[in-house]
Engineer: 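This is the structure, below, for whatever I ask next.
Chain naming here is simple, since letters A, B, ... match the order of the sequence lines and numbering starts at 1 in each. The model shown is predicted, which means the values in this text are computed figures rather than measured ones.
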Amino acid sequence: MNNIPKNYEPQKFEREIYAAWERDNNFHTTADASGDPYCIVIPPPNVTGQLHMGHALDETLQDILIRWHRMKGDNTLWMPGTDHAGIATQAKVEESLRKEGTNRYELGREKFLERVWQWKEKFGNRISYQLRTLGSSCDWERERFTMDAGCSAAVRKVFVTLYNEGLIYRGTRITNWCPKCNTAISDIEVDHEDEAGHLWHLRYPFKDGTGYIEVATTRPETMLGDTGVAVHPDDERYKNLVGKTLILPLVNREIPLFADSYVDKSFGTGAVKVTPAHDPNDFEMGLRHNLEQIKVINNNGTMSDGVGKYSGLDRYECRKVILDDLQAGGFLVSVEDHNHAVGHCSRCHTTIEPLVSEQWFVKMDTLAKPAIDAVKSGAIKFVPERFTKIYVNWLENIRDWCISRQLWWGHRIPAWYCDDCGKMTVSEVDIDTCPHCHGKNLRREEDVLDTWFSSALWPFSTLGYPNETAELKKFYPTNVLVTGYDIIFFWVVRMVMMGLKFRGEVPFRHVFIHGLVRDELGRKMTKSLGNGIDPVEIIDTYGADSLRFTLVTGNTPGNDMRFFRAKVESSRNFANKIWNASRFVLMNLDGFDTTFKPARHDFELADLWIIYRLAYRIKMVTDNLEKFELGEAARQLYEFIWFEFCDYYIELTKPRLYGDNPREKATALFVLTTVLECALRLLHPFMPFLTEAIRQQLPNATGSIMLAKFPTVDELNDLLVKKSRIETCAKIILNIVKAVRNLKTEVGIDSRKKTRIVLRMSNTRDRLMVMRVSHYVTILACAEPIDFSDEKPAHALSAVVDGAEIFLPLEGLIDADKEIARLTKERDKLQKYITSTEARLANPKFIGKAPANVVEAEHAKLATARDKVTALDGQIAQLKAL
RNA sequence: GGGGUUGUAGCUCAGAUGGUUAGAGUGCCUCGUUGACAUCGAGGAGGUCACAGAUUCGAGUUCUGUCAGCCCCACCA
C-alpha cells in the first residue's frame with residue numbers, strides 16, 4: 001500500500017472533494033424532502049468584499065451545525081447570499097471613478113448604477129468562491145442577493161405596508177450627517193469617541209444694555225445659527241432675566257433668553273446657547289419654544305451662504321475665524337480644556353455633523369415591543385445568554401430609525417412627488433400618473449434605503465416572500481442565527497422586528513453569538529493596522545480543515561479569540577495524525593478479507609475499551625453540539641482520536657496485526673475500521689474534507705460522508721459491553737504503564753529498551769484480569785513479559801499505583817539513597833492527603849451534611865491512599881535494608 | 001454616567017448543575033530514527049486559579065467589594 005502519501009496534504013484533495021459534493025448536489029434540499037426542517041440563513045457578506053477571518057469563523061460555526069443536522073437526517077438548508085452594502089460598495093465605485101478623473105454626478109444616476117452593477121458582476125462572485133474553499137455546504141442553487149428581484153419585491157411590500165400603517169413616515173428632523181459620505185446615517189452608525197476639546201465662554205449682551213449673559217460652548221462656529229439662550233427655570237442666578245432679549249454677537253440678531261428644564265445648572269455657566277439646526281438637544285428645545293432653525297453649515301461641512309464673510313469656510317476654519325472675531329469684539333471671556341464625546345461616521349471616521357434635513361424614519365416603539373417580548377418569553381434564546389440583556393436594554397431605549405440615505409446604490413424609496421398637486425404617493429409598483437390629480441409630472445424620491453432595511457427581511461425574503469412559497473412555509477422560522485456580537489443592533493434586532501411584524505413569528509429560535517477574531521496581540525484586525533491574516537492564504541498553506549479546527553477550538557461562545565499561526569500548525573498536526581492513523585489502518589487492510597464479522601468472544605479488552613470510549617465520546621460530542629459548545633465538542637474528538645485511539649488502541653492492536661492468527665488479526669481490523677469510520681463521521685462537521693478523503697478509502701463505507709448518518713451510541717449497541725470492569729482494568733493497566741515509563745526515565749533507561757517488570761497485586765480478581773492482558777503493559781511500556789509475584793525483588797526500582805506495586809529489578813543500577821528520597825517524597829505527599837482527608841472524615845458536619853456518595857468516595861480514596869503508603873513504606877524499608 | 005466582560009502553567013486558552021491531589025495546546029528541559037506519523041514518541045519542570053471578605057462541612061466554580069485590562073451603551077452645551 002504505497003499510494004497513500006505519508007503526510008497530510010490537503011491541497012491535493014480539498015478542491016476536488018468540494019467540486020464532487022457540489023456536482024452531486026449534496027448541498028441542495030427541497031421543501032418536500034424528508035426530515036424535520038433545519039435552516040440557517042447566512043449573514044450575507046458584502047457582495048464585493050472578500051473573505052476575512054471573521055467570515056471564516058462565522059461560516060465554520062454555521063457549517064458545523066449544518067453538516068451535523070444534515071447527517072442527523074434533518075431536512076437541512078443553509079441559505080447563502082450576499083449584501084449590496086450600500087455605502088461601502090458605492091464608495092468603492094466612486095473611488096474608481098475618481099481615479100478616472102470623473103465622479104458620479106458627472107456620470108448621472110443611471111450610468112453610475114450601471115457601473116456599480118458591472119462592478120458587482122466583476123467582483124461579486126469572489127466571496128462565494130472563497131466561502132467554498134472553506135468547505136461551506138451552502139445550497140448555492142438558492143444563492144440570493146439583497147438587491148435581486150425577490151428581495152426587492154420584499155422590500156417594496158414591506159415599505160409600503162409600514163408606510164400605510166403609519167410606521168414609516170417622512171419628516172424634517174435633525175439627523176446624523178456625514179459630510180464625507182454625503183448622506184444621513186442612523187444613530188448606530190455613529191461611533192462616539194472622547195476627544196480633547198475646549199469649552200469657550202462667550203458673552204452675549206442684553207438688548208437693553210443692562211449687561212450680558214455668559215454662555216459656554218464646545219462649538220463656537222455654530223453661534224451663527226443661534227436663535228436663543230436657555231437657562232434652567234429654577235436657576236436663581238438667571239430667574240429674573242428670563243424673557244429678556246439678547247443680541248447675538250457678530251450677527252446682531254435678537255434672540256430670546258428662555259427657561260427650559262433640560263439645562264444643567266451645574267455645567268458651564270448654566271446658560272446654553274441654542275442652535276436648533278445643528279444640535280439634537282437644541283433642536284428639541286427649539287421645537288418646545290418655537291425657535292427658528294437657521295442652518296449655517298452645509299451638507300459638505302462648509303459654512304452656508306448668508307453668514308456673511310464666513311460663508312464657504314470649512315466648519316473648523318470658521319471656528320478659528322469666529323473665535324478671533326469674538327475675541328476682537330470682547331465677547332470671548334475664557335477658554336478651558338474640556339473632554340467630550342464626538343460622533344464619527346462608522347464608515348469613514350469623519351466627524352458627524354448633526355443637521356436638519358428631510359428624511360424617512362421607521363417608528364420604533366410599536367415594532368420594538370413584540371421584539372422585546374420574544375426574547376423575554378424565551379421564543380428567541382441567545383447563546384450565550386448574557387446578550388439577552390444587551391438586546392433588551394437597547395430595544396427599550398430605541399429611537400426612530402432613519403432609513404433614508406442620500407446615495408444611489410440601494411433600494412430606491414418607492415415614493416413619488418407630484419409637481420401638479422404637490423402630493424406624495426407611496427406605491428408598491430412604479431407609477432407614472434398621480435393618483436390624486438392624474439397629473440403626469442411625477443418625480444420619484446431620490447433617496448435609497450439603509451442597507452440594513454433589506455437585510456432585516458433576509459430570513460423571509462430569501463425563502464420566497466412576498467410569495468407564500470413552500471420554502472417559506474417549511475423553513476420559517478429558521479432555527480439559528482450565527483453572528484458576531486457587533487451586529488446585534490444593526491441586524492439581529494431588526495430581523496426580529498420585521499419577522500414578527502410580517503410573518504407573525506420570530507425569524508429564528510436561537511441566536512448563536514461569537515466574538516471577534518483578533519491578531520496575536522489581541523488587536524482588532526483592520527486594514528489601517530495592516531494586521532489582518534488572510535484566511536485564503538492560511539487555507540492554501542494548512543488546509544481548510546486545519547483553519548476550521550483552529551477557529552472552533554480554544555474559545556468559548558461570545559468571547560473574542562486571538563489568532564495564532566501556531567494554533568493552525570497544531571490543528572494541521574492533528575490532521576496529520578488522523579491521516580497517518582488512517583494510513584496505518586488502510587495499510588494493514590490491504591489484501592485482507594474485510595467482510596469478516598467477529599463473534600462476541602473474539603473481542604479482547606482493548607477492543608471493548610475503545611468501543612466503550614467511543615460511545616462515551618459520541619455522547620459528549622452530541623451533548624456539546626446541542627449546547628452550541630462547539631469548541632468543547634472538538635476537544636472531545638481531539639482527545640479521543642489522538643490519545644485513546646492513536647496512543648493506546650492502535651498500539652495495542654499491533655501484536656494481532658503482526659501475529660499469525662488470522663482470526664485475531666481480522667478482529668482487530670474489524671474494530672479498527674469500525675471505530676475509525678465512526679470517528680470520522682463524528683468529526684466530519686468539523687473537518688469535512690479530511691474525513692471525506694479518508695472515509696472513501698475505507699471498505700466499510702459507501703457514499704459521501706456528508707450524507708452518512710451522524711454517529712449515535714445506539715449504533716454501537718451490538719458491540720458495547722457495559723462493564724465497569726473494563727474501565728477499572730484499563731485504568732490499572734494505564735497507571736502501571738505510566739509508572740514503568742516513569743521509572744525508566746528516572747534512571748536514564750532508553751524508553752524503547754525492554755525491561756523486566758515484576759508486578760505485585762493483592763486483589764486476586766484484578767490480578768487475574770491484568771494477567772490476561774499483561775502484554776498490553778509489555779507493548780505500551782516497552783517491557784519484557786511480566787512476572788507476577790508476591791515477592792519483592794531485592795534490588796529494584798519500585799512504584800505504587802492504585803491496585804499494584806511495580807518493580808524494575810535493576811541490580812547495580814540502583815542508587816538506594818536516591819530511591820529512598822524519591823519514594824519518601826511520594827509517601828509524604830500521600831500522607832499529607834491522608835491527614836487532611838482523615839480530618840475531613842472526622843468532621844461530624846461533613847459526615848452529616850455531605851451527600852452519602854461523596855463521603856463514600858472519600859473513604860474509598862482514603863483507603864487506597866493508605867494502601868499506597870503501606871506499600872511505599874515496605875519498599876523504603878527494603879531499600880534501607882540493603 | 002450606566003451596563004457587560006476578562007484576570008487559571010512562560011504564552012494562548014478549556015474547566016456543566018460548588019465535592020476536595022486544577023487540565024490542554026504551545027514553548028522550555030532530558031531521552032528516543034526498528035515497519036502509521038519527527039507535522040512523531042516517552043518523560044520532566046512549571047500554577048497560593050488577580051486581591052480581600054462572605055456563604056458553605058467543602059469555593060477556580062456562588063455572593064459582595066477592591067485592583068487591572070478590554071468592550072458596549074449614553075443628547076450635559
Engineer: Once ring pair (Phe, Tyr, Trp, His ring centres under 6.0 Å) is applied, do any residues pair with A:Trp579, and if so which ones, sequence neighbours excluded?
Structural biologist: A:Phe13
Engineer: Students often get this wrong, so: under 4.0 angstrom with heavy atoms, is A:Phe643 touching a base, only sugar-phosphate, or nothing?
Structural biologist: sugar-phosphate
Engineer: Could you tell me how far B:rC57 sits from B:rA14 if I compare only their C1' atoms? Round to whole Å.
Structural biologist: 29 Å
Engineer: Using the C1' atom in both, what is the distance from B:rU17 to B:rG2, to the nearest Å?
Structural biologist: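 My reading of the C1' atoms in B:rU17 and B:rG2 gives 32 Å.
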Engineer: NA contact type, A:Gly543, heavy-atom cut-off 4.0 Å: base, sugar-phosphate, or nothing?
Structural biologist: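 Nothing, no nucleic acid heavy atom in range.
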Engineer: Nearest to the side chain of A:Lys829 - B:rA74, B:rA14, B:rU21?
Structural biologist: B:rU21
Engineer: How close do A:Ala271 and A:Glu214 get, counting heavy atoms only, and between which atoms?
Structural biologist: CB-O, 3.4 Å
Engineer: Could you work out, with ring pair (Phe, Tyr, Trp, His ring centres under 6.0 Å) as the rule, every residue matching A:Tyr262, not counting sequence neighbours?
Structural biologist: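 In terms of ring pair (Phe, Tyr, Trp, His ring centres under 6.0 Å), with neighbours along the sequence ignored, A:Tyr262 is linked to no residue.
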Engineer: What does nucleotides 36-48 of chain B look like as a protein-contact string, B for base, S for sugar-phosphate only, - for none, at under 4.0 angstrom between heavy atoms?
Structural biologist: BBSBSBSSS----
Engineer: Rounded off to whole Å, could you give me the CG-to-C1' distance for the A:Asn339 and B:rG1 pair?
Structural biologist: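 Distance check: A:Asn339 CG to B:rG1 C1' gives 15 Å.
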Engineer: Give, ordered by number, those residues of residues 215-232 of chain A having at least one heavy-atom distance below 4.0 Å to an atom of RNA chain B; if nothing qualifies, reply none.
Structural biologist: A:Ala216, A:Thr217, A:Thr218
Engineer: Could you tell me the separation between the CG atom of A:Asn735 and the C1' atom of B:rU21, rounded to a whole number of Å?
Structural biologist: 13 Å
Engineer: State plainly whether the residues A:Arg635 and A:Glu639 are in salt-bridge range, i.e. N to O under 4.0 Å.
Structural biologist: yes
Engineer: Could you list the residues that satisfy side chain to side chain donor-acceptor pair (under 3.5 Å) with A:Ser266, not counting sequence neighbours?
Structural biologist: A:Asp264
Engineer: Checking A:Trp401 now: which residues fulfil side chain to side chain donor-acceptor pair (under 3.5 Å) with it, not counting sequence neighbours?
Structural biologist: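 Listed in chain order: A:Asp450.
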Engineer: Taking A:Lys829 first and then A:Glu826, would you say they form a salt bridge - that is, a charged N and a carboxylate O separated by under 4.0 Å?
Structural biologist: no
Engineer: So what does A:Thr556 touch, heavy atoms closer than 4.0 Å: a base, only the sugar-phosphate, or nothing?
Structural biologist: sugar-phosphate
Engineer: Taking atom C1' of B:rU17 as reference, at what distance in whole Å does atom CD of A:Glu629 sit?
Structural biologist: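 Distance, rounded to whole Å: 14 Å.
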Engineer: Is the backbone of A:Leu586 close enough, under 3.5 Å, to the side chain of A:Asp590 for a donor and an acceptor to pair up by distance?
Structural biologist: no
Engineer: So among A:Lys738, A:Lys861, A:Arg866, A:Lys868, which one has a salt bridge (charged side-chain N to carboxylate O under 4.0 Å, His left out) with A:Asp802?
Structural biologist: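 Checked A:Lys738, A:Lys861, A:Arg866, A:Lys868 against A:Asp802; only one passes salt bridge (charged side-chain N to carboxylate O under 4.0 Å, His left out): A:Lys868.
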Engineer: Whole angstroms only, please: what is the NZ-P distance between A:Lys744 and B:rG32?
Structural biologist: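 After rounding, the reported distance stands at 13 Å.
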Engineer: Within this structure, what is the CD-to-P distance between A:Glu214 and B:rA77, rounded to whole angstrom?
Structural biologist: 17 Å
Engineer: Step through it carefully: locate the ring centre of A:Tyr648, locate the ring centre of A:Phe643, and say whether they are under 6.0 Å apart.
Structural biologist: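 No, ring centres 6.0 Å or more apart.
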Engineer: With sequence neighbours left out, write down each residue that passes side-chain contact (heavy atoms from CB on, under 4.5 Å) with A:Asn339, or none if nothing qualifies.
Structural biologist: A:Ala196
Engineer: Which of the following nucleotides, B:rA14, B:rU20, B:rA77, is nearest to the side chain of A:Val272?
Structural biologist: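 Side chain of A:Val272 sits closest to B:rA77.
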Engineer: With no hydrogens and no angle check, is any side-chain donor or acceptor of A:His201 less than 3.5 Å from a backbone partner on A:Val215?
Structural biologist: no
Engineer: In dot-bracket form, how is RNA chain B paired, counting a Watson-Crick or G-U wobble pair only if both its distances are under 3.5 Å and using | for bases paired to another strand?
Structural biologist: (((((((..((((.....[...)))).(((((.......))))).....(((((..]....))))))))))))....
Engineer: Using atom types as modelled, flag every donor-acceptor pair under 3.5 Å from a side chain in residues 555-562 of chain A to any protein atom, sequence neighbours excluded.
Structural biologist:
unit_1   : atom_1 : unit_2   : atom_2 : d
A:Asn555 : ND2    : A:Asn559 : O      : 3.4
A:Asn559 : OD1    : A:Arg386 : NH2    : 3.0
A:Asp560 : OD1    : A:Tyr485 : OH     : 2.8
A:Asp560 : OD1    : A:Leu516 : N      : 2.8
A:Asp560 : OD2    : A:Tyr485 : OH     : 3.1
A:Asp560 : OD2    : A:Arg518 : NE     : 2.7
A:Asp560 : OD2    : A:Arg518 : NH2    : 2.9
A:Arg562 : NH1    : A:Glu520 : O      : 3.3

Engineer: With 3.5 Å as the limit, what N/O pairs link the protein to nucleotides 4-12 of chain B?
Structural biologist:
unit_1 : atom_1 : unit_2   : atom_2 : d
B:rG4  : OP1    : A:Lys389 : NZ     : 2.9
B:rU12 : OP1    : A:Arg562 : NH1    : 3.4

Engineer: Applying a 4.0 Å non-hydrogen cut-off, can you work out what A:His278 is touching in the nucleic acid: base, sugar-phosphate, or nothing?
Structural biologist: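 A:His278: no heavy atom of the nucleic acid under 4.0 Å.
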Engineer: Please report the distance, rounded to the nearest Å, between OH in A:Tyr638 and P in B:rA24.
Structural biologist: 11 Å
Engineer: Could you tell me whether A:Phe387 contacts a base, only the sugar-phosphate backbone, or nothing, with contacts defined as non-hydrogen atoms closer than 4.0 Å?
Structural biologist: nothing
Engineer: Can you check the distance between B:rC13 and B:rC31, where both ends of the measurement are the C1' atom (answer in whole Å)?
Structural biologist: 29 Å
Engineer: Could you tell me how far B:rU20 sits from B:rC67 if I compare only their C1' atoms? Round to whole Å.
Structural biologist: 29 Å
Engineer: Contact class for A:Glu284 (heavy atom, under 4.0 Å): base, sugar-phosphate, or nothing?
Structural biologist: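 No contact.
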Engineer: Output all residues satisfying side-chain contact (heavy atoms from CB on, under 4.5 Å) with A:Met620, sequence neighbours left out; order by chain, then residue number.
Structural biologist: A:Tyr616, A:Asn624, A:Gln636
Engineer: Under 4.0 Å between a Lys/Arg side-chain N and an Asp/Glu carboxylate O for A:Lys744 and A:Glu746?
Structural biologist: no
Engineer: Using 4.0 Å as the upper bound for N to carboxylate O, is an ion pair formed by A:Asp623 and A:Lys627?
Structural biologist: no
Engineer: Encode nucleotides 53-61 of chain B as B, S and - characters from 5' to 3', where the letter depends on protein heavy atoms closer than 4.0 Å: B to the base, S only to sugar-phosphate, - to neither.
Structural biologist: ----B----
Engineer: Is A:His338 close enough to B:rA77 that one of its side-chain N or O atoms is under 4.0 Å from OP1 or OP2 there?
Structural biologist: yes
Engineer: Looking only at atom C1', what distance separates B:rA9 and B:rC71, rounded to whole Å?
Structural biologist: 27 Å
Engineer: With ring centroids as reference points, do A:Phe267 and A:His232 lie under 6.0 angstrom apart?
Structural biologist: no
